[in-house]
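Note that the structure is predicted; figures quoted are calculated from it, not measured. Every chain is numbered from 1 and lettered A, B, ... according to where its sequence line falls, protein lines coming before strand lines.
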Protein chains: 2
Amino acid sequence: MATIHDVAARAGVSPATVSRFLRGQRVRSAEAIQAAVDEMDYWPSATAQSLQSGRTHTIGVVVPDITNPYFAAVVKGMESVTRHTDYRIQLANTDESSEREDAVLAEMIRRVDGIILAPATEQDQTPLYVRDAGVPLVFVDRDLLGGEHFDAVLVNNAKGGQQAGEHLLGLGHTRIAAISGSQDTTPGRCRREGFVKALTAAGVEIPPEHDLVGDFREESGYQLALSLLSLPEPPTAIFSANNLMTLGALKALRDLRTDIPGEMSLIGFDDLDTGPLLRPPLTVIDRPMVEQGALAMRLLLRRFEDQYANDAARRIILDTKLIERASTAPPRKPRTAAGAGRTGRGRQR
Amino acid sequence: MATIHDVAARAGVSPATVSRFLRGQRVRSAEAIQAAVDEMDYWPSATAQSLQSGRTHTIGVVVPDITNPYFAAVVKGMESVTRHTDYRIQLANTDESSEREDAVLAEMIRRVDGIILAPATEQDQTPLYVRDAGVPLVFVDRDLLGGEHFDAVLVNNAKGGQQAGEHLLGLGHTRIAAISGSQDTTPGRCRREGFVKALTAAGVEIPPEHDLVGDFREESGYQLALSLLSLPEPPTAIFSANNLMTLGALKALRDLRTDIPGEMSLIGFDDLDTGPLLRPPLTVIDRPMVEQGALAMRLLLRRFEDQYANDAARRIILDTKLIERASTAPPRKPRTAAGAGRTGRGRQR
DNA sequence: CCATTCTCTGAGAACGGTTTCAGTTGAGTA
DNA sequence: TACTCAACTGAAACCGTTCTCAGAGAATGG
């Protein structure tokens, strides 16, 4: 690997002059230097430049699970922004584990200029430590309790949950269940709160056995849906708080041959590529995904510009949107008298 | 940010001694140094260490599209390996563009210790340049013409295509179409070749208008499926060469209300999370995904161990597996006499 | 008690760039 | 011819580590 000294020697100038030439300054021996650079196929060492400048031009991106299509889309959005800059992305998964997140962050702050994080829980303290280390931090998808002073790109989860609730109520459901996400994450908590709020406002109560909490993974959606279906009096509609759990719930309903939406309506949070192709096509609360990633990256890159470096935290809250497809419908038997007879698990076809 | 000099001064020793202590050597003033490190919350600069050692402990991962569930899974597999090491992943998308890939690689070789690449085309020359630069390179999913001297983790694409063809033939199809991927990629070319070979071996010809080539993206699957359906004599079965194009084809069939598998059988390459949930559940050629990523990463990390650094290239070729679900079935009317009547586009229900 | 080994230490030179600072050069002017 | 000033240059310091090497001090052996 040729160094700047080698090039300088070959061109008959000092390393300083080569450095100046490469950064665009006018230099007397430009041709000679260019020739030497070409002949030796010289590229400056990024590491040496980083050491000198104190900047790595690398952004750390920490997400719970890259195979979750939502996060894949978010990362793609980030990439679409960095592509036009000289920043690159260092990626890490936390598998929804705070410990893993702590380890990743502690490591990362030594090698990146900024971090975009979807924290594993709202209570994490490590992110505060990241800021102390002088590394700008942007939250995406999930917030932190006391995170108001950090940039963030979120969605109005409470309203999204509310939309889901109101949609089911509007169809006439009254026995409604929720499969929520981890209650120590912002989306998990807020989606549930918004959902419950909608029901309460309509005078519909959600009994504890219908108010379940999962962990955002497919398996928990599957298990919790199974448990709902085995209740003596199962709900007529389920709200599932993220894409993977919705998939799990769908599998459970399929396994038990529950008719959707005849016997059970299902509404999810976050659309899927295959959402329209599923049997039945899924009704979901949708939100911008790629855009969220792109916005978060732009927010972060702004922090590197002197004029914005000390601005107040910018909190971008995007709106959710109901996409009505065919997995929700009015309940088959509108609740008439108090049911003494227990509703058997129906078999279709 | 405290430096090793600050710590040394505080502990009353030289920087060299602090460095030695930190790397586990025995040192007389261990307690004093430890105390200084703790009090100042000192962490060595990764950049300075890199400059000194010549290693960045970073692996570049270059894939066409991280939102493709296959590549997301592959990356996750890689991450599951690096997690237990002190290597991290730098991620880049190429959007299937050779130019973008060239730019990314040229940049990357200056900042990573090794690269795992799914090349945009088989003809790319830049990867050879990567090796010249002394950066170990491993191919995953896709190979390079003349890439035999590089480590690689691939699947037996030809055999996979053949399996797909034989499956359709076995069901009795004779009017069979293929929606292949880019023919300048290994998987695109080999899957098609294997598929055609199976048909040819059975004496079934695939006319040019049934032998279509897409670009691995959903939209091309959609468009090509549409064009197949608009033929005067459409096929009774389609083989689609990757997950996204299969999704596109499925959407086209859905849009035209084509009955699957009644009117049209569909077999895809690569399974999807939602594969079993789709209407109908998809028959696919499956392959290990997470494992492929993990294997590729292990292959690469081996190159950093002196004892393996100069070993011959290791080429791991994994097997594909047919997963029979409900999107393939015998053709409704087994081909009897030469059809003069043109088969209208059927409407169901 | 001296010679020999062993263990630990710090100064200083890398690593490969950029930046500062004090020149040097040469053109333009009096 | 001497003087001024702008444009360019190179030596050396610096970024924060690790490594080399010579030397100091302690332990061991005779």
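- Contact check, B:S14 against C:dG10: a side-chain N or O comes under 4.0 Å of OP1 or OP2.
- Picking from D:dG16, C:dG17, C:dT9 the nucleotide with the shortest atom distance to the side chain of A:T3 gives C:dG17.
- Spacing between atom CZ of A:F21 and atom C1' of D:dA7 amounts to 17 Å, rounded to whole angstrom units.
- Salt-bridge check for B:R189 with B:E122: passed, with a basic side-chain N closer than 4.0 Å to an acidic carboxylate O.
- Taking 4.0 angstrom as the limit, A:R26 places a side-chain polar atom (N or O) nearer than this to OP1 or OP2 of D:dC8.
- At a threshold of 4.0 angstrom between heavy atoms, the contacts of A:R20 include nucleobase atoms, whether or not backbone atoms are also involved.
- Put simply, CD1 on B:I33 is 15 Å from C1' on D:dT17, counting in whole angstrom units.
- Taking every side-chain heavy atom of B:A16 into account, C:dG10 is the closest of C:dG10, D:dG16, D:dT9.
- Put simply, B:S19 has a side-chain N or O that comes within less than 4.0 Å of OP1 or OP2 on D:dT18.
- One interatomic measurement links the two molecules: CD of A:Q25 to C1' of D:dA7, which rounds to 11 Å at whole-angstrom precision.
- Rounded to whole Å, atom P of C:dC15 lies 19 Å from atom CZ of B:R110.
- Nearest nucleotide to the A:I4 side chain, out of D:dG16, C:dT9, C:dT18: C:dT18.
- Using a 4.0 Å cut-off between a side-chain N of Lys or Arg and a carboxylate O of Asp or Glu, B:D143 and B:R315 qualify as a salt bridge.
- Protein atom NE2 of B:H5 is 11 Å distant from nucleotide atom C1' of C:dA11, rounded to whole Å.
- Summarising the geometry, the separation between CG on A:D6 and C1' on C:dG17 is reported as 12 Å, rounded to the nearest angstrom.
- For B:L51, the side-chain atoms get nearest to D:dG16 when compared with the rest of D:dG16, D:dG10, C:dC8.
- The residue among B:P15 and B:A48 whose nearest nucleotide of DNA chain C is located toward the 5' end is B:P15.
- Residue-level contact check: A:Q49 touches the backbone only, with heavy atoms under 4.0 Å from sugar-phosphate atoms and none from bases.
- Annotation: cation-pi geometry not satisfied between A:R314 and A:Y308 (NZ/CZ under 6.0 angstrom from ring centroid, within 45° of ring axis).
- The CZ atom of A:R55 sits 17 Å away from the C1' atom of C:dT19 (whole-angstrom rounding).
- B:Y42 does not carry B:R10 over the face of its six-membered ring by the limits of under 6.0 Å from the centre and within 45° of the normal.
- Residue B:R23 places at least one side-chain N or O under 4.0 Å from the OP1 or OP2 atom of D:dT18.
- B:Y42 comes within 4.0 angstrom of the backbone, heavy atoms only, and of no base.
- Remark: B:D65 engages A:K76 in a salt bridge, criterion side-chain N to carboxylate O under 4.0 Å.
- With respect to B:T126, the side chain to side chain contact (heavy atoms under 4.5 Å, CB included) criterion is satisfied by exactly one of B:L144, B:V104, B:D102: B:D102.
- You'll find that the side chain of A:Q52 is closest to C:dT18, out of C:dT18, C:dT9, C:dC15.
- Rounded to whole angstrom, the span from the CZ atom of B:R28 across to the P atom of D:dG23 amounts to 18 Å.
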